[in-house]
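Take a look at the structure set out below.
Each chain gets a letter, A, B and so on, in the order the sequences are listed, and its residues count up from 1. Predicted model, so just to flag it, every value in this text is computed and none were measured.
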Amino acid sequence: MDDPFEIDEFAASPEMRLADAPVSAPDYLANLNAEQREAVETLDGPLLVLAGAGTGKTRVLTTRLAHLLQVKAQTEHLHPQQILAVTFTNRAAKEMQERVAHALGHPVEGWWLGTFHSLAARLLRRHAELIGLQSNFSILDSDDQVRLLKQIMDAEQIDQKKWPAKQLMGIIQRWKDKGLSPDRVNESVEFANGGAKYLYKVYQQRLSVLNAADFGDLLLHCLTLFQKHPEILRRYQETFRYILVDEYQDTNVAQYLWLRALAMVHRNICCVGDDDQAIYSWRGAEVGNILRFESDFPGAKVVKLEQNYRSTPHILAAASKLITFNDGRLGKELWTELDTGEKVFVKGVWDGPAEARLVGEDIEALQSKGIGAAKMAILVRAGFQTREFEERLITLGIPYRVIGGPRFYERHEIRDALAYVRMVAQPDDSLAFERIINVPKRGVGKATLQILHQYSRDQSVSLPMAARDLIGTEELKPKMRQAIGGLLGDFTRWREMLTNRSHVEVLETVLDESGYTDMWRTSKEIEAAGRLENLKELVSAIGEYENLTTFLEHVSLVMENEQNTDQEKVTIMTLHGAKGLEFDYVFLPGWEEGVFPHQRAMDESGVKGLEEERRLAYVGITRARKRATVSYAANRRIYNQWQSALPSRFVDELPDEHIERISDTGLGGHGGNHSPGAWGSDDWMKMPSWADETPRRDSYGSGGSKTGSGGSSTGGERRFASAGWQDRVRKNVIDVKPNGETSYSTNSKSSKYKVGDAVRHRKFGPGTVRAVDGNKLEIDFEDVGTKKVVDSFILPG
DNA sequence: ATGTACAAGATTTTT
DNA sequence: TCTTGTACAT
């Protein structure tokens with residue numbers, strides 16, 4: 001085995017050292033107090049930086065890295081390769097790379113900087129054979145994982161209606177997050193479903209046969225490797241003299257074990273995190289890691305950073321207040337020296353489109369003041385919410401970019417093409433083989449595939465191997481033998497091509513000769529042209545990598561959506577994606593019960609889930625430097641059905657003195673003294689519905705006979721969301737129980753009226769229903785003509 | 001082996 | 001409502 005530790009090579013090339021580094025990097029510590037500064041500047045020993053939002057976590061990390069690379073490089077000949085720096089996203093890693101380069105005045109190469117997964121993969125590739133894989137093992141994405149499990153379950157004849165593969169995969173991945181290999185699951189998981197344990201074992205065996213690893217394996221295999229080969233662990237422990245970890249609160253148990261193992265010898269581990277920003281527990285993250293730090297690493301210094309440099313006092317106060325509704329926090333008092341600034345805006349609107357319009361208008365207003373679009377962001381809870389805003393911004397002609405949307409590498413044609421690449425680079429990649437065996441159509445169908453699977457399972461070989469064996473037999477029909485044999489022959493040829501041609505050329509040949517490009521060229525699909533474009537893009541992308549294996553690893557682990565950031569664009573992304581970022585102006589739409597906090601979070605994890613949602617809200621608000629605008633809609637279309645929604649409880653939890661509630665709807669006061677003109681216009685959406693009357697549904701509970709002007713109406717303009725009715729309504733609607741169950745009675749999704757019904761409206765009088773759209777009705781009134789109204793205002797005729 | 005028809009389920013968040 | 005998967009027919 002080659003010596004896996006490049007560090008030894010380094011020792012022979014001292015010219016690589018950073019002796020030429022400028023002695024004083026830019027002073028990133030200027031804003032810390034003396035004590036904090038000392039702790040951060042002390043480079044040896046364990047250090048935990050507990051930092052609130054916007055207090056300069058990354059800055060501390062950068063400073064420390066710069067100091068290491070500068071001071072230690074000179075005094076103790078520390079080489080970058082002895083540093084292990086873990087960030088949470090690839091984006092953060094890139095940023096760190098740039099920041100450090102900037103601080104030192106020159107780029108740094110060779111250090112172990114990246115996400116847990118990419119670093120673990122890098123380590124694992126060197127020792128793959130020790131844990132039963134070849135070094136070119138393929139990394140399965142979640143899609144492949146589920147497909148593989150499905151195959152196994154088919155073979156085991158397990159009812160997938162009762163036990164969906166996807167769900168079981170979730171259980172298995174959770175075990176992996178906890179660092180439990182199949183053996184250890186049997187020991188330590190008591191109440192778990194025995195079937196899942198069994199499947200886990202079979203799944204793992206199958207992965208090994210296929211020379212594949214899934215995401216969780218990257219870390220898990222490392223742990224196994226360390227356990228079985230202490231001498232290897234020892235060498236890495238000695239190699240990594242300094243370990244730095246960002247976003248420590250979001251590490252899972254496997255990651256924690258991995259870090260702890262590696263940090264054991266030098267103990268120079270520095271972690272940075274904020275327990276209030278733990279938003280990944282659904283992925284197995286364990287906040288306990290950060291709470292346990294001091295006992296894990298005796299003598300650890302703990303620094304709390306509480307001065308916020310990012311947000312204005314109002315924003316900070318609003319976020320701080322919100323997060324106090326959570327229990328069990330470490331607790332921090334964030335403060336700032338910045339000027340007061342604007343209050344947090346809280347806006348209620350009628351429905352989703354109105355919300356998008358509102359945000360659009362605000363953005364335009366900001367732009368007309370000369371503020372660049374890049375300084376603004378729309379942060380949504382879930383991916384599907386981006387669409388509304390995209391549409392709006394398109395019509396307004398405002399440039400935007402969506403981060404984390406449908407990814408390039410997840411597109412149909414790209415996945416197919418990648419399957420070809422995988423088959424060339426990794427001959428035993430069963431899942432890739434299965435994907436393309438009949439794409440383009442080669443007449444290979446279910447029956448043939450089944451025979452292959454059967455054989456592959458019985459003989460414990462990969463699918464391509466099975467095919468290779470079977471085409472020599474009478475098992476398959478001659479036609480099939482020819483088709484599959486031809487394909488396998490092609491792959492052999494393409495693999496040979498790799499030796500004397502560039503991989504770009506090989507990819508082009510493969511796509512060409514396999515008939516894949518032709519398939520799309522002759523396709524009648526409207527999207528075919530676009531797909532061909534994407535394929536071209538893939539070919540050019542692959543050119544940026546040394547070889548197919550590095551390219552594939554990049555695809556599975558890095559998978560970032562490269563976006564040119566040079567242009568001024570409004571950013572649209574999920575709250576999760578926004579972690580660690582900041583913007584001057586932040587829009588936080590969709591703060592409605594069920595959407596945010598998300599219903600499923602509460603259903604599945606009860607109070608814990610709710611608290612995580614609240615932390616997410618906290619993250620959202622604290623992204624804003626100058627202004628945060630929260631908004632919620634009273635009606636939202638889900639599955640193309642109108643549903644009325646309640647403002648999020650988080651809206652209530654924001655402190656009144658730091659927010660400014662603005663209502664789109666309280667135009668005419670209450671009491672119904674509206675001029676008929678307003679009602680007759682197309683502006684029906686601006687109907688002051690709740691000022692007058694709560695949109696009442698049967699499911700709200702029977703008790704509430706109070707209507708109208710309850711709550712805090714004070715004459716004149718009535719605020720959109722008086723706490724009164726929110727509380728009243730909410731208590732009847734959502735009730736999170738400590739055991740994790742939630743009872744949630746959804747508001748009626750569609751109207752109880754249908755076309756032709758005779759109805760009456762308290763202002764418009766009698767009429768007939770002409771059309772129904774969810775709970776919106778179009779009614780021909782006898783006196784005032786056709787109007788659109790909401791059914792809650794309607795009484796049976 | 002492929003295409004059609006009907007039914008069921010779907011929309012958290014991501015390395 | 002739309003998409004996806006399954007059953008059945010060709």
Side-chain angles (χ1 to χ4, degrees), chain A residues 86-93 114-121 139-143 145 150 160-161 164-167 170 173 176-177 213-219 246-247 250-252 254-255 258 277-285 379-388 403-407 409-410 437-438 441-450 477 479-480 483 553-561 573-579 590 594-605 609-610 612-613 615-617 619-620 636-643 749-750 773-774:
Chain A
V86 193
T87 54
F88 202 72
T89 60
N90 291 294
R91 192 202 66 225
T115 60
F116 278 100
H117 293 273
S118 63
L119 293 169
I139 300 171
L140 301 189
D141 60 28
S142 51
D143 227 62
Q145 289 169 26
K150 265 188 186 156
Q160 295 191 33
K161 284 229 170 80
K166 212 171 166 183
Q167 206 175 316
Q173 289 306 323
K176 292 194 176 190
D177 289 339
D214 66 22
F215 268 69
D217 282 344
L218 296 174
L219 283 149
D246 198 7
E247 308 282 15
D250 283 323
T251 51
N252 64 31
Q255 290 162 339
W258 192 80
Q277 291 186 65
I279 54 175
Y280 281 100
S281 69
W282 50 271
R283 209 173 67 188
L379 307 182
V380 296
R381 174 70 241 277
F384 69 91
Q385 291 174 274
T386 61
R387 215 198 59 220
E388 233 160 26
I403 297 198
R407 300 169 193 210
Y409 292 113
E410 278 170 11
I437 190 167
N438 203 27
K441 298 220 182 330
R442 295 187 179 89
V444 181
K446 239 195 317 201
T448 313
L449 210 52
Q450 205 153 28
K477 291 187 185 130
K479 229 185 192 169
M480 294 298 121
E553 179 154 325
H554 182 87
V555 168
S556 36
L557 292 177
V558 183
M559 282 264 266
E560 58 195 322
N561 262 5
M573 64 168 109
T574 63
L575 288 160
H576 283 88
K579 187 163 83 155
V595 176
F596 189 37
H598 199 278
Q599 192 54 48
R600 241 161 98 173
M602 294 186 292
D603 286 350
E604 280 163 19
S605 325
L610 176 63
E612 180 146 322
E613 296 287 292
R615 288 194 290 270
L616 202 51
V619 168
R636 204 167 276 283
R637 197 162 61 177
I638 302 173
Y639 310 145
N640 262 336
Q641 294 221 305
W642 285 96
Q643 255 180 294
K749 288 174 184 172
S750 54
D773 177 12

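- Residues A:L379 and A:A578 come closest through the heavy atom pair CD2-CB, 3.7 Å.
- For C:dT6 and B:dT11, the P atoms lie 16 Å apart once the distance is rounded to whole Å.
- Close to B:dT14, at under 4.0 Å from its OP1 or OP2, lies a side-chain N or O of A:T574.
- One P atom belongs to C:dT4, the other to B:dT13, and the distance between them is 16 Å to the nearest Å.
- Whole-Å rounding puts the A:K166 NZ to B:dT13 C1' distance at 13 Å.
- Counting heavy atoms from C-beta on, the side chains of A:V86 and A:L119 come closer than 4.5 Å.
- Considering only side-chain atoms of A:K441, the nucleotide from B:dT14, B:dT15, B:dT2 that sits closest is B:dT2.
- Of the candidate nucleotides B:dT13, B:dA1, B:dT2, B:dA1 has the atom lying nearest to any side-chain atom of A:T448.
- Partners of A:Q145 by side chain to side chain donor-acceptor pair (under 3.5 Å), not counting sequence neighbours, listed by chain and number: A:Q173.
- Atom-to-atom, CZ of A:F384 to C1' of B:dT13 comes out at 12 Å; the value is rounded to the nearest Å.
- Closest-nucleotide positions on DNA chain B for A:E613 and A:Q255 were compared, and the one nearer the 5' end corresponds to A:E613.
- B:dT2 atom P lies 12 Å from atom CD1 of A:I437, rounded to whole Å.
- For CZ of A:R387, the number of neighbouring non-hydrogen atoms (other residues, nucleotides, ligands) closer than 6.0 Å is 12 at most.
- Within 4.0 Å (heavy atoms only), A:F116 reaches no atom of the nucleic acid at all.
- Between the side chain of A:R381 and the base of B:dT13, at least one donor-acceptor pair of N or O atoms lies under 3.5 Å.
- Both geometric conditions, a ring-centre gap below 5.5 Å and a plane tilt below 30°, are not fulfilled together for A:Y280 over the base of B:dT13.
- One interatomic measurement links the two molecules: CD1 of A:I139 to C1' of B:dT15, which rounds to 11 Å at whole-angstrom precision.
- Separating the CD atom of A:E247 from the P atom of B:dT15 is a distance of 12 Å, rounded to the nearest angstrom.
- Picking from B:dT2, B:dT15, B:dT11 the nucleotide with the shortest atom distance to the side chain of A:N438 gives B:dT2.
- Side-chain proximity of A:R283 to the nucleotides B:dT11, B:dG3, B:dT14 is greatest for B:dT14.
- The distance between atom CG of A:D143 and atom P of C:dT4, rounded to the nearest whole Å, is 12 Å.
- A straight line from CE of A:M573 to C1' of B:dT13 spans 14 Å, rounded to a whole angstrom.
- Following rounding to the nearest Å, A:N252 (CG) and B:dT14 (P) show an atom-to-atom distance of 17 Å.
- Comment: A:K176 engages A:D217 in a salt bridge, judged by a side-chain N to carboxylate O separation of less than 4.0 angstrom.
- Side-chain proximity of A:W282 to B:dA1, B:dT11, B:dT14: nearest is B:dT14.
- A search for ring-ring contact (aromatic ring centres under 6.0 Å, His included) contacts involving A:Y280 returns A:F88, A:W282, A:H576, not counting sequence neighbours.
- Distance from the side chain of A:H598 is smallest to B:dT11 among B:dT11, B:dT13, B:dT15.
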